[in-house]
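So the structure is just underneath, and the comments pick up after that.
Just so it is clear, the structure is predicted and the values come from calculations on it, not from any experiment. Just follow the structure's listing: the first ligand is 1, and inside any ligand the first atom is 1.
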Amino acid sequence: MTDIFVFGAGGHAKVVIEAIRAAMPHAAIGVLDDDPGNRGRRLLGVEVVGGRDHAVAHPRVPIVPAIGDNGARWAVMEWTAEQALTLATVIHPGAIVSPSASIGPGCVLAPGAIVNAETRLGRGTIVNTGASVDHDCIVGEAVHVGPGARICGAVRIGDRSLIGVGAVVVPGIAIGGSCIVGAGAVVIRPVAEGTCVVGNPASLSTGLESCTRR
Ligand SMILES: CC(C)(COP(=O)(O)OP(=O)(O)OC[C@H]1O[C@@H](n2cnc3c(N)ncnc32)[C@H](O)[C@@H]1OP(=O)(O)O)[C@@H](O)C(=O)NCCC(=O)NCCS
């Protein structure tokens, strides 16, 4: 009897499996993956038990979307909603979450993540290793706050945006949906929807117009 499905069989799924083990040591975990070639493979000792058909056959088992790519994770979440399947939230015991914060279904908080007072995280958002999202932020769905990123208070981040590793966002900034904030960027001005900014201070960069990496 499986207690929780981890959807995805890549590197981020390993982080999620270890967070589940730390938070729920007795939980029986199964990995789901779209690639039939991965069936029977083991990820940190956890078997890839099947694909979407397997999840549909076990509708009571909650699913944590464990794909780092925002677009792919979003697509899995949309599918689970269509199928009326339940999303599981995974919070590593080494994360710190304010009692007044709200964490949406399907979110993953990695070791050392901090979510502060009255911040709201939408469905399927990742706050990765050692990243912090301070007070009164509104973070959309399928956002990825990369390792070590620092989001100050009252920041807004739209759906499916990536905040790169080690980036800093100063207080009160609005970042649109489907944006990329490059690794190490320092964001001091609003970021328009669908754009990619890098540097300190962060700005649109020629050469990054076609940047699509999530
Ligand atoms: C911004 C980013 C998405 C660009 O990726 P890309 O489209 O493949 O861009 P390229 O590597 O081809 O670089 C294009 C130009 O942007 C510059 N650039 C790329 N990333 C940059 C960054 N983070 N800061 C400053 N400049 C950057 C490159 O130096 C290059 O400049 P040039 O044209 O003058 O040589 C990527 O570099 C990045 O920072 N990703 C963040 C990933 C991350 O943190 N994920 C979380 C992992 S858990």
Side-chain angles (χ1 to χ4, degrees), residues 6-20 22 31 33 43-44 64-77 89-92 94-96 103-104 106-115 121-134 137 139-152 155-170 173-214:
V6 169
F7 199 118
H12 179 61
K14 295 182 187 176
V15 174
V16 174
I17 288 169
E18 291 195 338
I20 295 169
V31 171
D33 195 60
L43 201 67
L44 296 179
V64 54
I67 303 169
D69 178 274
N70 289 344
R73 191 168 70 264
W74 170 276
V76 167
M77 286 159 41
T89 301
V90 174
I91 301 177
H92 190 282
I96 299 172
I103 311 294
C107 285
V108 169
L109 273 55
I114 300 173
V115 179
L121 302 186
R123 212 172 48 128
T125 277
I126 301 167
V127 182
N128 220 327
T129 315
S132 61
V133 185
D134 223 287
C137 291
V139 180
E141 301 193 341
V143 169
H144 183 171
V145 181
R150 295 286 182 224
I151 312 297
C152 292
V155 165
R156 289 172 178 255
I157 304 175
D159 296 344
R160 297 182 299 278
S161 285
L162 167 65
I163 312 299
V165 57
V168 171
V169 183
V170 305
I173 292 291
I175 295 173
S178 300
C179 289
I180 297 177
V181 172
V186 178
V187 180
I188 61 167
R189 295 188 194 89
V191 178
E193 178 155 345
T195 55
C196 176
V197 296
V198 294
N200 178 6
S203 60
L204 291 170
S205 171
T206 54
L208 286 173
E209 294 89 346
S210 62
C211 170
T212 55
R213 192 180 298 172
R214 297 288 188 274

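In this structure, Asn70 contributes its side chain and Arg160 its backbone to a donor-acceptor pair below 3.5 Å. Between the side chain of Ser178 and the backbone N or O of Gly194 there is no donor-acceptor pair closer than 3.5 Å. Without hydrogens or angle criteria, Ser161 side chain to Gly176 main chain gives a donor-acceptor distance under 3.5 Å. With hydrogens and angles ignored, the 3.5 Å screen pairs a side-chain donor or acceptor of Thr89 with a backbone N or O of Gly104.
Just one of Ile114, Ile91, Leu109 meets the side chain to side chain contact (heavy atoms under 4.5 Å, CB included) condition when paired with Ile96; it is Ile114. Each of Val133, Val181, Val143, Val115 was evaluated against Ile151; a single residue qualifies, Val133, per the side chain to side chain contact (heavy atoms under 4.5 Å, CB included) test.
How far CG of Asp134 is from CZ of Arg150: 9.0 Å, rounded to the nearest 0.5 Å.
Residue contact check: Gly164 has heavy atoms under 4.0 Å from atoms 43 (C), 44 (O) of ligand 1. The atoms of ligand 1 that sit less than 4.0 Å from any heavy atom of Pro147 are 48 (S). Under a 4.0 Å criterion applied to the non-hydrogen atoms of Ala183, ligand 1 contributes the atoms 22 (C), 23 (N), 24 (N), 38 (C), 39 (O), 41 (C). Under a 4.0 Å criterion applied to the non-hydrogen atoms of Gly182, ligand 1 contributes the atoms 1 (C), 23 (N), 39 (O). Heavy-atom contacts of Val165 reach the following atoms of ligand 1: 43 (C), 44 (O) (cutoff under 4.0 Å).
Of the heavy atoms in Ala167, none comes closer than 4.0 Å to ligand 1.
Residues forming a salt bridge (Lys or Arg N to Asp or Glu O under 4.0 Å) with Arg123 (at least two apart in sequence, or on another chain): Glu78, Glu141.
Selection from Thr129, Leu162, Asp69 by nearest heavy atom to atom 46 (C) of ligand 1 gives Leu162.
The closest approach between Gly68 and ligand 1 stays at or above 4.0 Å for every heavy atom of the residue. Ligand 1 is approached by His144 to a heavy-atom distance shorter than 4.0 Å.
Checked by distance only, ligand 1 and Val198 stay at 3.5 Å or farther apart across all their nitrogen or oxygen atoms. For ligand 1, the polar-atom distance check finds no N/O of Gly146 at less than 3.5 Å from any of the ligand's N/O atoms.
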